[in-house]
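If you're wondering where the values come from, they're calculated on a predicted model, not measured in any experiment.
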Amino acid sequence: MPTPTKGARLGGGPAHERQMLANLSQSLFEHGRITTTVTKAKRLRPHAERLITFAKRGDLASRRKVLGILSDKGVVHKLFTEIGPGFAERDGGYTRITKTGFRKGDNAPMAVIELVEFGTPAKKAVAKEAEKATKKAAPKKAEKVEEAPVAEETVVETEAAEAPAADEAK
């Protein structure tokens, strides 16, 4: 028997919570990103990542399991043809949660949960971000580095020019 989740459920009972998670994950796969409360986003993440793992397998049994959870066949088709193969090289971490602030009506903490950039493995994605950061910072450092040697060279040139003049004066 699976260990029950600690704390209050998202809905009223376990069946309602399953339906809410199924609807949230269906919307996530359909739109790529959704805005919801932080609590729902944190509960949705493992559920959605498990469905993506089924989609990466791509076999008939996995498709039937996902069809038992999600009700829209079009979303399941998109999950198995686009999203699953897009994350084929990635070992996990298919979603990202970003906190956005508080809801106006009841001041509930809100978050955006989105599918990360698929098609690139996690290590390559991190490497791309690092390259972008170094390229962005490199021109600023290069300008500072170029200015400093130029100033030193002019000092060296002026000293070299003064030295022969001093020798001629003697």
Side-chain angles (χ1 to χ4, degrees), residues 5 10 20-59 62-63 65-66 69-70 72-163:
T5 56
L10 293 177
M20 284 181 59
L21 289 175
N23 288 334
L24 284 169
S25 58
Q26 186 169 312
S27 297
L28 176 65
F29 299 141
E30 186 176 351
H31 301 291
R33 67 177 8 210
I34 57 172
T35 303
T36 184
T37 62
V38 173
T39 308
K40 286 181 184 176
K42 286 181 178 181
R43 296 292 293 274
L44 173 61
R45 173 182 262 171
H47 188 264
E49 292 194 0
R50 184 169 175 256
L51 294 176
I52 292 172
T53 304
F54 281 131
K56 281 174 54 175
R57 280 190 218 152
D59 59 343
S62 298
R63 186 178 289 261
K65 268 188 186 174
V66 173
I69 297 169
L70 302 179
D72 190 2
K73 290 182 180 179
V75 172
V76 173
H77 178 72
K78 181 179 178 181
L79 177 64
F80 275 79
T81 57
E82 297 173 17
I83 298 171
F87 287 123
E89 297 294 319
R90 199 174 181 100
D91 291 333
Y94 312 119
T95 57
R96 175 186 303 126
I97 297 175
T98 308
K99 294 181 182 180
T100 57
F102 297 95
R103 189 161 47 199
K104 191 173 183 180
D106 60 354
N107 206 28
M110 299 297 287
V112 172
I113 182 167
E114 60 188 346
L115 297 174
V116 296
E117 200 176 298
F118 54 84
T120 57
K123 292 178 184 175
K124 289 183 182 177
V126 171
K128 277 187 181 179
E129 291 175 8
E131 287 176 12
K132 286 180 184 178
T134 54
K135 285 180 183 177
K136 198 172 189 179
K140 294 176 185 175
K141 289 181 179 178
E143 291 172 4
K144 291 178 182 177
V145 172
E146 289 176 9
E147 291 174 5
V150 172
E152 291 175 7
E153 290 175 8
T154 55
V155 172
V156 172
E157 290 174 6
T158 55
E159 289 176 5
E162 292 174 5

A.B. asks: Taking salt bridge (Lys or Arg N to Asp or Glu O under 4.0 Å) as the test, write out the residues that go with R63, two or more places apart.
C.D. replies: none
A.B. asks: Please list, one pair per line, the donor and acceptor atoms closer than 3.5 Å that link side chains of residues 31-38 to other protein atoms, with sequence neighbours excluded.
C.D. replies:
unit_1 : atom_1 : unit_2 : atom_2 : d
R33    : NE     : E114   : OE1    : 3.2
R33    : NH2    : E114   : OE1    : 2.5
T37    : OG1    : K40    : N      : 3.4

A.B. asks: Once side-chain contact (heavy atoms from CB on, under 4.5 Å) is applied, do any residues pair with N23, and if so which ones, sequence neighbours excluded?
C.D. replies: none
A.B. asks: Can you tell me if K78 has over 12 outside heavy atoms packed within less than 6.0 Å of its NZ?
C.D. replies: yes
A.B. asks: Can you name the residues that form a salt bridge (Lys or Arg N to Asp or Glu O under 4.0 Å) with R103, not counting sequence neighbours?
C.D. replies: D106
A.B. asks: With no hydrogens and no angle check, is any side-chain donor or acceptor of K56 less than 3.5 Å from a backbone partner on R90?
C.D. replies: yes
A.B. asks: Taking side-chain hydrogen bond (donor to acceptor under 3.5 Å, both in side chains) as the test, write out the residues that go with E49, two or more places apart.
C.D. replies: T95
A.B. asks: Which distance, rounded to the nearest 0.5 Å, do you find between the CG of L79 and the OG of S62?
C.D. replies: 10.5 Å
A.B. asks: For F29 and D72, run side chain to side chain contact (heavy atoms under 4.5 Å, CB included): C-alpha distance rounded to whole Å, both residues' side-chain angles, the deciding distance at 0.1 Å, then the answer.
C.D. replies: CA-CA 11 Å; F29 299 141; D72 190 2; over 6 Å; no
A.B. asks: What residues form a ring-ring contact (aromatic ring centres under 6.0 Å, His included) with Y94, not counting sequence neighbours?
C.D. replies: F87
A.B. asks: Got L10 and L21 here, is their nearest side-chain heavy-atom distance under 4.5 Å?
C.D. replies: yes
A.B. asks: If I compare all heavy atoms of A55 with all of G84, which pair ends up nearest, and what's the gap?
C.D. replies: CB-CA, 3.9 Å
A.B. asks: Once side-chain contact (heavy atoms from CB on, under 4.5 Å) is applied, do any residues pair with N107, and if so which ones, sequence neighbours excluded?
C.D. replies: F102
